[in-house]
A.B. asks: 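After the structure tokens below, expect a handful of questions from me.
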Amino acid sequence: MGWIHLAADLGHLLAAGLWLGALTGLLLLLNRARTAPSDPQSAAGAAHCALANFGSAGTIAVAVIIITGEVDSWILVGPDHVIGLTETSFGRPLMLKLLLFGGVLLFAAHNRFQLYPALHQAIVAGSHDDATRRLGRSVALETGLALAILGIVAWLGTLAPPASAA
């Protein structure tokens, strides 16, 4: 089962890195769209195009993160330790990580299904400042939660998982 764990870890790492890296790029594009002195409409269009392209890649990244996270959890926690997981020093940060990931997913859905279409409409109308600002703030919060998850992952790396006690 060692190679399965290694593959799950690698897939989880790559998908999370893709997502966090894309969020960082989107933040930069959205900031440029708000502050570009020469052609803010063009910068907003570039951010809109990047967001459109990120939609599919982001969905795939989320699917990979969820699947590989499940495999990792099964291996690290083990089926015999699921019931009392929240009572362990490993389980509490793991639950916090899952809670924050849920928050990231909520922001991602809000961005994709509400704020992204609002940006599109604002660009068409020729006044995108407010839509760009709202989307940028939401992406920044999503990124902040993702960075907090990285901190929790580092913390989890210092703890013995329940399956290792067996």
Side-chain angles (χ1 to χ4, degrees), residues 1-34 47 49-117 119 132-166:
M1 204 183 284
W3 68 270
I4 294 173
H5 188 209
L6 180 62
D9 278 349
L10 184 59
H12 204 71
L13 177 66
L14 289 174
L18 168 80
W19 194 353
L20 188 55
L23 285 174
T24 304
L26 292 173
L27 273 175
L28 293 171
L29 283 170
L30 289 164
N31 185 54
R32 175 107 174 110
R34 283 188 316 102
C49 183
L51 285 160
N53 291 328
F54 178 64
S56 297
T59 300
I60 292 168
V62 167
V64 169
I65 289 169
I66 290 171
I67 292 167
T68 57
E70 288 292 322
V71 170
D72 268 348
S73 293
W74 186 259
I75 292 169
L76 293 173
V77 173
D80 299 336
H81 302 284
V82 172
I83 298 295
L85 187 61
T86 58
E87 306 300 319
T88 68
S89 61
F90 187 86
R92 286 184 292 274
L94 180 61
M95 292 298 127
L96 179 58
K97 176 188 171 190
L98 293 174
L99 180 68
L100 291 179
F101 183 66
V104 168
L105 292 179
L106 288 174
F107 274 110
H110 180 65
N111 295 342
R112 183 170 184 180
F113 299 114
Q114 291 185 348
L115 297 181
Y116 169 74
L119 176 62
T132 304
R133 182 183 45 74
R134 287 184 310 153
L135 185 55
R137 183 175 37 225
S138 185
V139 170
L141 290 169
E142 181 182 350
T143 304
L145 286 179
L147 290 172
I149 289 170
L150 286 180
I152 293 170
V153 168
W155 178 17
L156 285 168
T158 67
L159 304 172
S164 69

A.B. asks: Minimum heavy-atom separation for Leu76 and Pro161, please, with both atom names.
C.D. replies: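 Scanning both residues, the minimum pair turns out to be O-CB, 3.2 Å.
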A.B. asks: Quick check: do Leu94 and Val77 have side-chain heavy atoms less than 4.5 Å from each other?
C.D. replies: yes
A.B. asks: With side chains defined as the heavy atoms from C-beta onward, is the minimum distance between Asp9 and Leu13 less than 4.5 Å?
C.D. replies: no
A.B. asks: Could you walk me through whether Asn111 and Leu26 pass side-chain contact (heavy atoms from CB on, under 4.5 Å), step by step?
C.D. replies: CA-CA 12 Å; Asn111 295 342; Leu26 292 173; over 6 Å; no
A.B. asks: Measure the CG-OG1 distance between Leu23 and Thr143 for me, rounded to the nearest 0.5 Å.
C.D. replies: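 The CG atom of Leu23 sits 4.0 Å away from the OG1 atom of Thr143.
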A.B. asks: Hey, could you give me the CD1/NE2 distance between Ile66 and His12, rounded to the nearest 0.5 Å?
C.D. replies: 10.0 Å
A.B. asks: Nearest 0.5 Å, please: how far is CH2 in Trp74 from CD1 in Ile4?
C.D. replies: 13.0 Å
A.B. asks: Which heavy atom of Ser138 sits nearest a heavy atom of His110, and at what distance?
C.D. replies: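 So the two residues come closest at OG-CD2, 4.0 Å.
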A.B. asks: Of all the heavy-atom pairs spanning Val64 and Gly11, show the shortest one and how long it is.
C.D. replies: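 Shortest heavy-atom contact: CG1-O, 3.5 Å.
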A.B. asks: Nearest 0.5 Å please: distance from the CG atom of Leu30 over to the CG atom of Leu135.
C.D. replies: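 Between atom CG of Leu30 and atom CG of Leu135 there are 5.0 Å.
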A.B. asks: Where is the tightest heavy-atom contact between Phe90 and Leu156, given as atom of each residue plus distance?
C.D. replies: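 The answer is O-CD2, 3.4 Å.
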A.B. asks: Sub-3.5 Å donor-acceptor pair from the side chain of Arg134 to the main-chain atoms of Leu115, do we have one?
C.D. replies: no
A.B. asks: Restricting to salt bridge (Lys or Arg N to Asp or Glu O under 4.0 Å), what partner residues turn up for Arg133, sequence neighbours left out?
C.D. replies: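 With sequence neighbours excluded, Arg133 shows a salt bridge (Lys or Arg N to Asp or Glu O under 4.0 Å) to Asp130, given in chain and number order.
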A.B. asks: Tell me the side-chain hydrogen bond (donor to acceptor under 3.5 Å, both in side chains) pairs involving residues 17-26, sequence neighbours left out?
C.D. replies: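 Passing the test, one end in residues 17-26: Trp19-Glu142.
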A.B. asks: Set out, in order, the CA-CA distance, both residues' side-chain angles and the distance that settles side-chain contact (heavy atoms from CB on, under 4.5 Å) for Leu10 and Leu6, then state yes or no.
C.D. replies: CA-CA 6 Å; Leu10 184 59; Leu6 180 62; 5.5 Å; no
A.B. asks: Where is the tightest heavy-atom contact between Pro162 and Leu85, given as atom of each residue plus distance?
C.D. replies: CG-CD1, 3.9 Å
A.B. asks: Do Ile60 and Leu18 have side-chain heavy atoms sitting under 4.5 Å apart?
C.D. replies: no
A.B. asks: Taking atom NZ of Lys97 and atom CG of Leu150, what is their separation to the nearest 0.5 Å?
C.D. replies: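 If I round to the nearest 0.5 Å, the distance is 9.0 Å.
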A.B. asks: How many angstroms lie between atom CG of Leu105 and atom CG of Leu98, to the nearest 0.5 angstrom?
C.D. replies: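 The CG atom of Leu98 is 10.5 Å from CG of Leu105, to the nearest 0.5 Å.
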A.B. asks: Please report the shortest heavy-atom distance between Leu29 and Ala50, naming the atom on each side.
C.D. replies: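 Shortest heavy-atom separation between Leu29 and Ala50 comes out as CD1-CB, 3.4 Å.
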